[in-house]
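Just so you know, ligand 1 is whichever comes first in the structure, and atom 1 is the first atom listed for that ligand. Both backbone and side-chain heavy atoms feed into the values below; hydrogens, waters and symmetry mates do not. In this text, all values refer to a predicted model and were calculated from it rather than measured experimentally.
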Amino acid sequence: MNSAVGPRRRTGTLVRPPIQASHVLRVGHVVITTPKPNEVGQWYRNTLGLLLSDEICDEEEGQVLLSFNRIDRGEEYVDHHAFQTMAGPAGGVHHISFEVLDIDDLYIGHDCLVNAGYRHVWGIGRHKQGSQIFDYWLDPSGIMYEHWTDSDLLNVTATAGRDTIPNSLGPWGPPIPPQFITHVA
Ligand SMILES: [Fe+2]
């Protein structure tokens, strides 16, 4: 994409992406619900060697409500989170997440899903923790899934961030619907 500053990245070619469903490239992350998001996140970090990228806390008591964890590949840059815990019922899946090709692919795929009558949950917006451009949907069985593009990439040197709920929303996008917060499958 071209931007107003910096070198022009696209010259002499036109933007003509195919009008079709998003092209999913891989599973990006999974989010589980648990009554103990901090302890369960710590267990995964201690046991599987994940690294903490960010946590979001309750404003009054400082209790961790969400933890975002990434794979440790040393100096190599990896997605901001591959595994996330979130306050909720034990053993639940909040959403699974797929990386799509780019922002056009995400928006065109959104239109295809609208036209196909699927149930939309939240988006399109940009997250704060991980910075992905996101779009959330329900599959026919009620499991929530996410299309995203443009994640932050961190390596082993990054220090963990900490936010409270009121400071955790991204720079743009629609307000977070209550259904997203309470969803579990
Ligand atoms: Fe996600």
Side-chain angles (χ1 to χ4, degrees), residues 21-34 36-38 40-41 44-45 48 50-57 64-73 77-110 113-114 118-154 158 160-185:
S22 295
H23 296 80
V24 167
L25 304 181
R26 63 190 174 97
V27 175
H29 58 265
V30 64
V31 182
I32 63 158
T33 62
T34 164
K36 298 180 175 178
N38 190 35
V40 172
Y44 276 91
R45 290 192 292 276
L48 300 186
L50 302 184
L51 300 173
L52 179 65
S53 295
D54 260 302
E55 49 194 10
I56 300 178
C57 304
V64 172
L65 300 176
L66 300 104
S67 82
F68 299 77
N69 304 278
R70 66 185 184 279
I71 306 290
D72 182 356
R73 287 202 178 150
Y77 285 94
V78 299
D79 291 343
H80 172 274
H81 55 277
F83 179 79
Q84 185 186 336
T85 63
M86 179 172 178
V93 174
H94 184 260
H95 68 269
I96 54 176
S97 181
F98 301 95
E99 184 178 15
V100 301
L101 194 56
D102 57 23
I103 191 166
D104 284 307
D105 196 52
L106 185 134
Y107 267 89
I108 295 169
H110 175 101
L113 290 168
V114 168
Y118 285 101
R119 292 175 289 169
H120 187 241
V121 181
W122 186 31
I124 296 169
R126 191 184 275 279
H127 281 311
K128 183 174 182 183
Q129 290 77 20
S131 301
Q132 301 96 338
I133 295 171
F134 64 84
D135 195 23
Y136 289 92
W137 293 83
L138 297 181
D139 77 8
S141 69
I143 293 174
M144 185 157 63
Y145 69 95
E146 175 185 13
H147 282 165
W148 64 262
T149 186
D150 193 25
S151 175
D152 288 338
L153 300 172
L154 304 177
R162 192 175 170 94
D163 274 306
T164 57
I165 290 284
N167 292 322
S168 64
L169 286 176
W172 56 267
I176 187 166
Q179 182 193 358
F180 180 84
I181 298 166
T182 57
H183 181 84
V184 63

Can you list everything that forms a side-chain hydrogen bond (donor to acceptor under 3.5 Å, both in side chains) with Asp163? Sequence neighbours excluded, please. Lys128, Gln129
Given 3.5 Å as the limit, does a donor-acceptor pair link the side chain of Arg73 with the main chain of Val78, or not? no
Results of ring-ring contact (aromatic ring centres under 6.0 Å, His included) for His95 - residues two or more places apart only: His29, Tyr136
With a 3.5 Å distance limit and no angle check, can you tell me whether Asn69 reaches the backbone of Phe83 through a side-chain donor-acceptor pair? yes
Who are the side-chain contact (heavy atoms from CB on, under 4.5 Å) partners of Ile176, not counting sequence neighbours? Trp122, Leu169, Phe180, Ile181
May I have the step-by-step check of ring-ring contact (aromatic ring centres under 6.0 Å, His included) for Trp137 and His110, ending in yes or no? CA-CA 9 Å; Trp137 293 83; His110 175 101; 5.3 Å; yes
Could you grab the protein N, O or S atoms closer than 2.8 Å to the Fe ion (ligand 1) for me? His29 NE2, His95 NE2, Glu146 OE1
